[in-house]
Amino acid sequence: MYGLNPIKFDIAPGPETLNLCNIHSHTNAEHKAPGFSVLAGDRSSGGYQCNETAELTEAELVDPAGGQGAFKGVKPGDTIEVHWVYSSCDVTPGEGLGSCLSDSCENPTLRVEAQAFLVVNDTSAINFNDYVYDNTVINGRHQPKALPVGTGTPVVFRGSTTGPAFDQSTCSPLQVTWSVRPMCARVDINSLNQWAAKGNVFKETTSHGVRELVTAPELLSQIE
């Protein structure tokens, strides 16, 4: 709850008013929430796992691709946190966070819709392809086919971009409005491999690492 960082910026508008610019995932959730609060490994690797991880059956933990799936860095039993990144810039979806900027729009309003998934070998689980980008444009804005629902009211807060390139000594220069759903959902590993195998505009074929949890009070804002 405690923090000394006085910086504030406007909360970004809803995703429907912005352009989807990137979709990617991190292995282990970068955030901690009621539904994903199991610490994964040590602080150097960081991240959290879905609470139901230890309850998976042997069948749900079988890797149908035998470790050779098209979507690397993830297997049944892993937790991933998927980020749908939105930008106020007039941009089209593409590779990396650079796709959220342009020469004429270097300081965009950014918003990330986040969902933690427990990866399982179960075709009755969520099909990730229901939430991807498929050249969908609504009211002139690039949008995913859908965003996850039913996993709790998202917690919205001010933050920055994440990933292992940033830590308490190397801060992200970008300001981001985060919208993080507090509960996990199960996603079928087969659908993740299908998404990577058929190719996507983001060129995502692997799940990324996580940023170590920031705890320094001078970098944190007081929760009001």
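- Contacts of Cys171 classified as disulfide bond (SG atoms under 2.5 Å apart), with partners at least two apart in sequence or in another chain: none.
- Without hydrogens or angle criteria, Asn51 side chain to Ser37 main chain gives a donor-acceptor distance under 3.5 Å.
- Taking 4.5 Å as the limit, every side-chain heavy atom of Tyr86 sits out of range of all side-chain heavy atoms of Arg141.
- Closest of all the heavy-atom pairs between Val38 and Cys50 is CG2-O, 4.2 Å.
- The structure places CD of Glu55 at 11.0 Å from OG1 of Thr57, a figure rounded to the nearest 0.5 Å.
- Distance check, rounded to the nearest 0.5 Å: CD of Gln175 to NZ of Lys8 gives 13.5 Å.
- Residues Cys89 and Asn19 are not in side-chain contact: their nearest non-hydrogen atoms beyond the backbone lie 4.5 Å or more apart.
- Here the side chains of Gln168 and Leu219 are in contact, with some heavy-atom distance below 4.5 Å.
- The CG atom of Asp122 lies 12.0 Å from the CD1 atom of Ile189; values are rounded to the nearest 0.5 Å.
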Verdict with supporting geometry, Leu39 and Tyr48, side chain to side chain contact (heavy atoms under 4.5 Å, CB included): CA-CA 5 Å; Leu39 186 63; Tyr48 291 87; 3.9 Å; yes
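- Nearest heavy atoms, Glu81 versus Phe36: OE1-CE1, 4.5 Å.
- At least one side-chain heavy atom of Arg181 sits under 4.5 Å from a side-chain heavy atom of Pro148.
- Taking a cutoff of 4.0 Å between a charged side-chain nitrogen and a carboxylate oxygen, Glu60 and Arg186 qualify as a salt bridge.
- By the neighbour-count criterion of 12 heavy atoms within 6.0 Å, atom NZ of Lys145 is densely surrounded, having more than that number from other residues, nucleotides or ligands.
- In terms of modelled atom types and a separation under 3.5 Å, the side chain of Asn193 and the main chain of Ala70 share a donor-acceptor contact.
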Please output the side-chain donor-acceptor pairs of residues 90-97 that fall under 3.5 Å, not counting sequence neighbours, one pair per line with the distance.
none

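- For CG of Asn5, the number of neighbouring non-hydrogen atoms (other residues, nucleotides, ligands) closer than 6.0 Å is greater than 12.
- A donor-acceptor pair shorter than 3.5 Å cannot be found between the side chains of Thr136 and Asp134.
- For Thr205, the side-chain contact (heavy atoms from CB on, under 4.5 Å) test picks out no residue, with sequence neighbours left out.
- Taking Asn127 as the reference, Asn129, Asp130, Ser191 meet the side-chain contact (heavy atoms from CB on, under 4.5 Å) condition, with sequence neighbours excluded.
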Given side chain to side chain contact (heavy atoms under 4.5 Å, CB included), test Val180 with Phe157 step by step and report yes or no. CA-CA 9 Å; Val180 182; Phe157 59 95; 3.7 Å; yes
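- At a threshold of 4.5 Å between side-chain heavy atoms, the hydrophobic network of Ile, Leu, Val, Met, Phe, Trp and Tyr places Val119 and Ile126 in one connected group.
- The main-chain N or O of Lys72 is found under 3.5 Å from a side-chain atom of Thr206 such that the two form a donor-acceptor pair.
- For NZ of Lys32, the number of neighbouring non-hydrogen atoms (other residues, nucleotides, ligands) closer than 6.0 Å is 12 at most.
- Under a 3.5 Å cut-off, the side chain of Gln143 and the backbone N or O of Leu18 do form a donor-acceptor pair.
- Annotation: Glu58, atom CD; neighbour count of heavy atoms from other residues, nucleotides and ligands within 6.0 Å does not exceed 12.
- The shortest side-chain heavy-atom distance between Leu56 and Pro76 does not fall under the 4.5 Å cut-off.
- Residues Leu4 make up the rest of the hydrophobic cluster containing Tyr2, defined by ILVMFWY side-chain heavy atoms closer than 4.5 Å, directly or through other members.
- Grouping the Ile, Leu, Val, Met, Phe, Trp and Tyr side chains by contacts below 4.5 angstrom, directly or via other members, places Val120 apart from Leu192.
- Ring orientation note: the planes of Trp84 and Phe128 are tilted relative to one another, at an angle of 30° to 60°.
- In this structure, the side chains of Ser87 and Leu110 come closer than 4.5 Å at one or more pairs of heavy atoms.
- In this structure, Ala185 and Thr151 approach most closely via the heavy-atom pair CB-CG2, 3.9 Å.
- No continuous path of ILVMFWY side-chain contacts below 4.5 Å connects Val187 to Val112, so the two sit in separate hydrophobic clusters.
- Contact detail for Leu118 and Thr79: the closest heavy-atom pair is CD1-OG1, 4.2 Å.
- Both Tyr131 and Leu20 belong to a single network of hydrophobic side chains, linked directly or stepwise wherever heavy atoms of I, L, V, M, F, W or Y lie under 4.5 Å apart.
- Here Arg211 contributes atom CZ and Ser160 contributes atom OG; the two are 4.0 Å apart, rounded to the nearest 0.5 Å.
- Between Cys100 and Cys21, the SG-SG separation falls below 2.5 Å.
- Considering only heavy atoms from C-beta on, His31 comes within 4.5 Å of Trp178 through its side chain.
- Judged as a salt bridge (charged side-chain N to carboxylate O under 4.0 Å, His left out), and not counting sequence neighbours, the contacts of Asp78 are Lys75.
- One hydrophobic cluster, built from ILVMFWY side chains closer than 4.5 Å, holds both Leu174 and Val85.
- Note on ring orientation: taking the six-membered ring where Trp is involved, the planes of His83 and His24 are perpendicular (angle over 60°, cut-offs 30° and 60°).
- Here Asn121 contributes atom CG and Leu61 contributes atom CG; the two are 9.0 Å apart, rounded to the nearest 0.5 Å.
- Counting only distance, with no hydrogens or angles, the side chain of Asn22 and the backbone of Phe202 share no donor-acceptor pair below 3.5 Å.
- Between Val74 and Ser25 there is no side-chain heavy-atom pair separated by less than 4.5 Å.
- In this structure, the side chain of Gln115 does not engage the main chain of Pro182 through any donor-acceptor pair within 3.5 Å.
- Minimum heavy-atom separation, Val156 to Thr177: CG1-CG2, 3.8 Å.
- In plain terms, the two heavy atoms of Ser207 and Thr27 that are nearest each other are OG-OG1, 2.8 Å.
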